[in-house]
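Here the structure comes first, spelled out in structure tokens, and everything after it is commentary.
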There are 4 protein chains.
Amino acid sequence: MELEIDHEGPVPVYRQLVDSIRAAIESGEFQPGRPIPSVVQLVQTYGVARGTALKALRVLVDEGLVEIVQGRGAYVTRR
Amino acid sequence: MELEIDHEGPVPVYRQLVDSIRAAIESGEFQPGRPIPSVVQLVQTYGVARGTALKALRVLVDEGLVEIVQGRGAYVTRR
Amino acid sequence: MELEIDHEGPVPVYRQLVDSIRAAIESGEFQPGRPIPSVVQLVQTYGVARGTALKALRVLVDEGLVEIVQGRGAYVTRR
Amino acid sequence: MELEIDHEGPVPVYRQLVDSIRAAIESGEFQPGRPIPSVVQLVQTYGVARGTALKALRVLVDEGLVEIVQGRGAYVTRR
DNA sequence: GTGGTCTAGACCACC
DNA sequence: GTGGTCTAGACCACG
């Protein structure tokens, strides 16, 4: 998963997060059925706002790459 | 009854227990009037916390698949 | 809503919470569509453990007196 | 609550326990709504068998002096 | 802030 | 041995 976020550039931060996480999933760094970093971890690691991390999560859910389970976390979709 | 619990995956642990026990009942592995594994056995076998095993039990009782006999254990409902 | 929980008495603590909240609903103290005290408030106000407060909540939900809105809280059921 | 049990005499041990506990209730030593000593405590304090302590408890319940709440303990009946 | 999940430990009566 | 109750703490997504 890429480590740098460009807060100044033209690409929305949440988009950068989405692309970064998607790349990590497609590369196999994040395995199906395994958790992706929690919202809190994303916030701390990338220095983004909570809302930004949540927005990125929503996009990934809409794309079917990630599933949310309440009380447990966000996971890479199996299949 | 399935032997593996995925503590890292998206499915809540107590749900995995419920599904596993229900499958064993429906397959006939656990017969009506016969006991299902005790809470302590579930804890030891699957490495889950007591509260988690009890929560699974409660769901099965609510579904009518299992009934509790105090001091004796949990049994597959007859009928 | 009654203010005293008897931790030494015969009635299970979660049951006392259920009875207390139900009484407040039926008396109109807690109005339909309005929130009931949060889990954290119950914990702090009555000196009970989180699990105990959640157990009481679950009973009220099962009885149809209360409904949960995720991320917002527990509300008295309308109707 | 009396401290001596006569294991050799003609009075059944469970009866001696019953009388002892009843006396403690009637004297106010054990208050209504408060717990009486647990089965384990009776066993340890008086050196009686578990079955004996349980039998004494049953008699007290039948007499309406004590009420049992599963998971919590035995309590002096209110009123 | 909210409730949901989970762990680890304790004590209880009952069989 | 059995399940039921309770505490104290943790982490999660969601608003």
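A, B, ... follow the sequence lines: proteins, then strands. Residue 1 opens every chain. Only a predicted model underlies this, so the values are computations on that prediction, with no experimental measurement involved.
The side-chain hydrogen bond (donor to acceptor under 3.5 Å, both in side chains) search around A:Arg34 returns B:Asp6, not counting sequence neighbours. In this structure A:Glu63 satisfies the side-chain hydrogen bond (donor to acceptor under 3.5 Å, both in side chains) test together with A:Arg22, sequence neighbours excluded. A search for salt bridge (Lys or Arg N to Asp or Glu O under 4.0 Å) contacts involving C:Arg15 returns C:Asp19, not counting sequence neighbours. Applying the side chain to side chain contact (heavy atoms under 4.5 Å, CB included) criterion to D:Ser38, with sequence neighbours excluded, gives D:Val40, D:Gln41. Residues passing the side chain to side chain contact (heavy atoms under 4.5 Å, CB included) test with B:Ala24, sequence neighbours excluded: B:Met1, B:Glu29, B:Phe30.
Paired regions of DNA chain E, where each region holds three or more successive Watson-Crick or G-U pairs whose two hydrogen-bonding distances fall under 3.5 Å, are E:1-14 with F:1-14.
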> Quick one: what's the B/S/- string for nucleotides 6-15 of chain F, heavy-atom cutoff under 4.0 Å, read 5' to 3'?
Replying inline: SB--B-BSBB

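Counting only residues at least two apart or on different chains, no salt bridge (charged side-chain N to carboxylate O under 4.0 Å, His left out) pair has a member in residues 41-56 of chain B.
As a whole-Å value, the separation of C:Asp62 CG from E:dG4 C1' is 14 Å. Put simply, CG on C:Asp6 is 17 Å from P on F:dT5, counting in whole angstrom units.
A:Tyr14 contributes atom OH, which lies 11.0 Å from atom CG of A:Leu60 (distance to the nearest 0.5 angstrom).
Under a 4.5 Å side-chain heavy-atom criterion applied to ILVMFWY residues, the cluster that includes C:Val69 comprises C:Tyr75 as well.
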